Each structure stands twice: as structure tokens, then as C-alpha cells.
Amino acid sequence: MDLLTAYNGLLIRVGLYLLIFWPTIGYYVYSDAEKRELRNPQLRGIVLGFLGILGLLIHLGMVQRQD
């Protein structure tokens, strides 16, 4: 069994997901947190960027609740 095609290419799909969404969403969360002067914008960008779409929804929910 080839490692890359195991489980219908799960490793490739997860890798592409992290490659595309982590930097994009992480940068958005980081820049928005910095603009709003929230605590630890770099840590927020890394953690919520890793979560992807869910992290973006968490960030938007926290910001909306704060306002």
C-alpha cells in the first residue's frame, strides 16, 4: 500500500488543506486581531488558522461578541 494513496489519499487532502487554508485564514485572523488590538495576534493566527474554516468562524464569533 502506497503511503500517499492510503485511505483514498487522506494524507494528500489534509496536506493540501493545511497548505491552502492555514496561511490564508491565519493571516486574516492575525491582521484582524492586530487591527482590533486583541491580545496575542500571532498565537491567534497560528491556532485558529490551523483549525481552518472552523477557526475563522470562532474568530468571527469572538469578535462579534466582543463588539
Side-chain angles (χ1 to χ4, degrees):
M1 181 184 279
D2 189 25
L3 182 62
L4 293 178
T5 59
Y7 304 108
N8 293 326
L10 181 66
L11 185 62
I12 291 175
R13 285 185 278 160
V14 169
L16 287 174
Y17 176 80
L18 290 175
L19 184 69
I20 293 170
F21 285 113
W22 190 355
T24 305
I25 292 174
Y27 180 73
Y28 172 77
V29 169
Y30 165 73
S31 63
D32 190 52
E34 194 172 64
K35 182 177 74 175
R36 295 176 188 268
E37 297 177 356
L38 300 175
R39 291 181 298 154
N40 300 326
Q42 290 176 334
L43 183 61
R44 283 178 190 259
I46 291 170
V47 172
L48 295 177
F50 183 76
L51 294 175
I53 302 294
L54 179 62
L56 178 62
L57 294 175
I58 291 170
H59 173 71
L60 293 175
M62 288 188 313
V63 167
Q64 187 178 31
R65 187 176 53 206
Q66 190 180 37
D67 290 340

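It should be emphasised that the depicted structure is a prediction, and the values quoted were computed from it without experimental measurement.
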- Message: Taking Glu34's backbone N and O only, do any of them form a donor-acceptor pair with Arg44's side chain (distance below 3.5 Å, no angle check)?
- Response: no

- Of the options Leu57, Ile25, Ile58, Leu54, which is the one that meets Leu48 in a side-chain contact (heavy atoms from CB on, under 4.5 Å)? Ile58

- Message: Are Ile53 and Val63 linked, directly or through intermediate hydrophobic residues, by side-chain heavy-atom contacts shorter than 4.5 Å (ILVMFWY only)?
- Response: no

- Query: Arg36: what forms a salt bridge (Lys or Arg N to Asp or Glu O under 4.0 Å) with it, not counting sequence neighbours?
  - Reply: Asp32, Asp67

- Task: State plainly whether one hydrophobic cluster holds both Leu43 and Leu56, where clusters connect Ile, Leu, Val, Met, Phe, Trp and Tyr through side-chain heavy atoms under 4.5 angstrom apart.
- Result: no

- Message: Quick one: does any side-chain atom of Thr24 pair with a main-chain N or O of Phe21 as donor and acceptor, under 3.5 Å?
- Response: no

- Message: Side-chain heavy atoms nearer than 4.5 Å, only ILVMFWY residues, links allowed to pass through others: does that put Met62 and Leu51 together?
- Response: yes

- One should read off an interatomic distance between Leu60 CG and Tyr28 OH, to the nearest 0.5 angstrom, of 5.5 Å

- Message: Return the CG to CD1 distance between Leu19 and Ile12, rounded to the nearest 0.5 Å.
- Response: 12.5 Å

- Is Leu38 reachable from Tyr27 through a run of I, L, V, M, F, W or Y residues, each pair having side-chain heavy atoms under 4.5 Å apart? no

- Message: By the ring pair (Phe, Tyr, Trp, His ring centres under 6.0 Å) test, which pairs, at least two apart or in different chains, include something from residues 30-59?
- Response: Trp22-Phe50

